[in-house]
Amino acid sequence: MPRIALRVSPADNVVTLLDFHQHERVTQDGLSLTSEIPFGHKAALCAIREGEAIIKYGVPIGVATRSISTGEHVHVHNCR
Amino acid sequence: MSTTVDEDGPNFQGFRRADGRVGVRNHLALVSTVALANRVVELAASRYDASRPAGDDRVLLIRGEFQRGLQSTDAQLQDDIVFRLITHPNVGAAVVLCHDRAAARIWRERLAVLGNAIQVLAFMDAHGVERMIERTVKVLSEQAEFVRTQRRSSCPWSSLTFALECGGSDASSAVCVNPAVGRFVDHAVACGVRVIVSETAEFIGGESVVRQQSVSDEIAQSILARIEVTESRMAANGDRYRGVNPTAENIEAGLTTLVEKTMGALCKIGSARFKSCLDFGQPPAGAGLHFMDTPFFSPCSITGMVAAGAQVTLFSMGVFNPSGNPLSPTIKICGNPETVSHWRDGIDVALVDLIEGRISLDSAGDLIYKAVQQVSEGRRTYTEAWGDGQFIIPRGLPAF
């Protein structure tokens with residue numbers, strides 16, 4: 001079963017995972033996740049370079065503190 | 001989005017009032033202007049309701065911890081808010097109970113100029129509690145005659161004001177329900193509706209959004225100043241907000257930054273721009289989005305927006321919250337599948353299909369639109385069915 005991931009605004013470079021099937025690694029839109037990502041957490045939709053903005057709701061919610069690859073979990077370890 | 005449209009935009013069947021405003025309900029209201037009269041209005045309402053004619057709605061009680069001896073700014077605010085609730089467009093007729101004759105005289109004079117169907121009584125005019133109840137029930141019966149003569153007619157959506165609220169927030173409300181409400185707000189604003197969003201503390205961390213989504217720098221600065229005042233009051237009280245938010249619990253739930261947390265609530269406003277910064281209960285001047293400076297406790301913030309004339313309240317939730325407003329039908333919107341299955345008797349719009357990926361945000365916005373149309377034309381919300389909701393007026397200073 002593919003994971004449910006929601007992109008709020010077309011400008012977003014992250015999606016939010018909205019189910020509890022953490023062992024699954026592909027979203028319903030075909031994004032391959034690089035790790036288990038819990039409910040409510042985010043995954044990168046594209047490669048994001050260090051210093052680039054993390055966009056959610058169409059606004060910058062933070063900055064990448066290191067480079068992030070497509071499908072990677074985006075959270076406090078790589079975003080501030 | 002589909003509805004009846006003519007040259008004035010979409011329409012709904014509402015109650016036109018003498019002052020040109022439009023109601024979505026036609027309540028017979030029984031108001032206590034001071035807490036001393038609360039018990040009598042409760043007793044009178046239940047006695048009236050028990051013998052009311054079939055087909056009539058229950059009396060709508062408007063009462064709160066309304067006090068005497070407040071300092072001037074608080075006394076003025078309480079007075080203004082009670083006045084705006086009595087004269088709210090969802091009220092078809094009202095009976096107002098004051099404690100003493102002097103207060104009744106003042107309220108009678110203030111309310112007479114409006115030409116609305118309002119009767120003012122003084123508790124001290126009666127000789128006995130039982131007589132006061134009987135008198136109140138009798139006047140309610142007279143006022144009900146007037147309520148029954150009023151009919152719905154076609155009114156433009158542009159006569160509506162909506163209050164936006166959220167409570168029991170979680171990831172489902174932040175990324176599903178609130179963005180769907182945002183889509184609805186974009187559409188409503190395009191129809192010429194007034195939309196009010198409040199809870200100043202929830203804007204801490206959302207300053208960039210206020211700057212980007214205000215019609216002018218002046219409006220942005222006035223809103224930012226209110227946020228700053230709230231944050232410094234918290235600091236003076238020893239509460240640090242910025243720096244400790246998101247909390248460890250928020251981080252565990254997936255929230256990475258304060259802006260992300262704040263945006264979960266702020267995305268209710270869609271892409272609309274703030275047209276003004278309002279005081280508690282102050283009516284908005286024109287179509288579009290308006291910010292109101294209020295405390296964050298939802299029964300209190302909703303009271304402010306309803307006093308400002310909001311006829312309908314949209315309330316998004318993650319986990320359940322029973323809050324609503326008796327005067328303004330409160331539409332509960334929820335996408336969390338667990339909450340929706342456990343609280344079937346409390347949720348008006350279920351957006352589980354959105355969270356489970358079966359419908360788009362635009363379709364979810366359309367579902368909200370349809371619910372608002374139906375509720376505005378008389379469909380009862382769950383908070384109305386349960387008779388839930390409170391009137392709470394904030395206070396800045398200790399009473400004398």
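Protein chains get the first letters and strands the later ones, always in sequence-line order, with residue 1 at the start of each. None of the values given here were measured: they were computed from a predicted structure.
The local environment of CZ in Phe296(B) is sparse, with at most 12 non-hydrogen atoms from other residues, nucleotides or ligands closer than 6.0 Å.
Interface remark: Ala174(B) contributes backbone and side-chain atoms alike to the contact with chain A (heavy atom separation under 4.5 Å). Contacts between Ile355(B) and chain A at a heavy-atom distance below 4.5 Å involve backbone atoms as well as side-chain atoms.
Contact count versus chain A (heavy atoms, under 4.5 Å) is highest, among Leu255(B), Leu361(B), Ile251(B), for Ile251(B). The residue among Gly357(B), Pro337(B), Cys267(B) with the most heavy atom pairs within less than 4.5 Å of chain A is Cys267(B). Annotation: maximal heavy-atom pairing with chain A below 4.5 Å, among Ala253(B), Pro246(B), Gly205(B), occurs at Ala253(B).
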Are there donor-acceptor atom pairs under 3.5 Å between chain B and chain A, and if so which?
residue: Ala174(B); atom: O; partner: Tyr57(A); partner atom: OH; Å: 3.1
residue: Arg183(B); atom: NH2; partner: Val8(A); partner atom: O; Å: 3.3
residue: Ile251(B); atom: O; partner: His75(A); partner atom: NE2; Å: 2.7
residue: Glu252(B); atom: O; partner: His41(A); partner atom: NE2; Å: 2.8
residue: Gly254(B); atom: N; partner: His41(A); partner atom: NE2; Å: 3.2
residue: Gly254(B); atom: O; partner: Lys42(A); partner atom: NZ; Å: 2.8
residue: Thr256(B); atom: OG1; partner: Lys42(A); partner atom: NZ; Å: 2.6
residue: Thr256(B); atom: OG1; partner: His75(A); partner atom: ND1; Å: 2.7
residue: Thr257(B); atom: OG1; partner: Ile61(A); partner atom: O; Å: 2.5
residue: Glu260(B); atom: OE1; partner: Lys42(A); partner atom: NZ; Å: 3.0
residue: Glu260(B); atom: OE2; partner: Lys42(A); partner atom: NZ; Å: 2.9
residue: Glu260(B); atom: OE2; partner: Lys56(A); partner atom: NZ; Å: 2.7

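Within the 4.5 Å cutoff, the side chain of Leu6(A) has heavy atoms near those of the Cys176(B) side chain.
Put simply, the residue from Leu17(A), Val15(A), Val8(A) that forms a side chain to side chain contact (heavy atoms under 4.5 Å, CB included) with Val175(B) is Val8(A).
When all heavy atoms are compared, the tightest approach of Gly40(A) to Ala171(B) is CA-CB, 3.7 Å.
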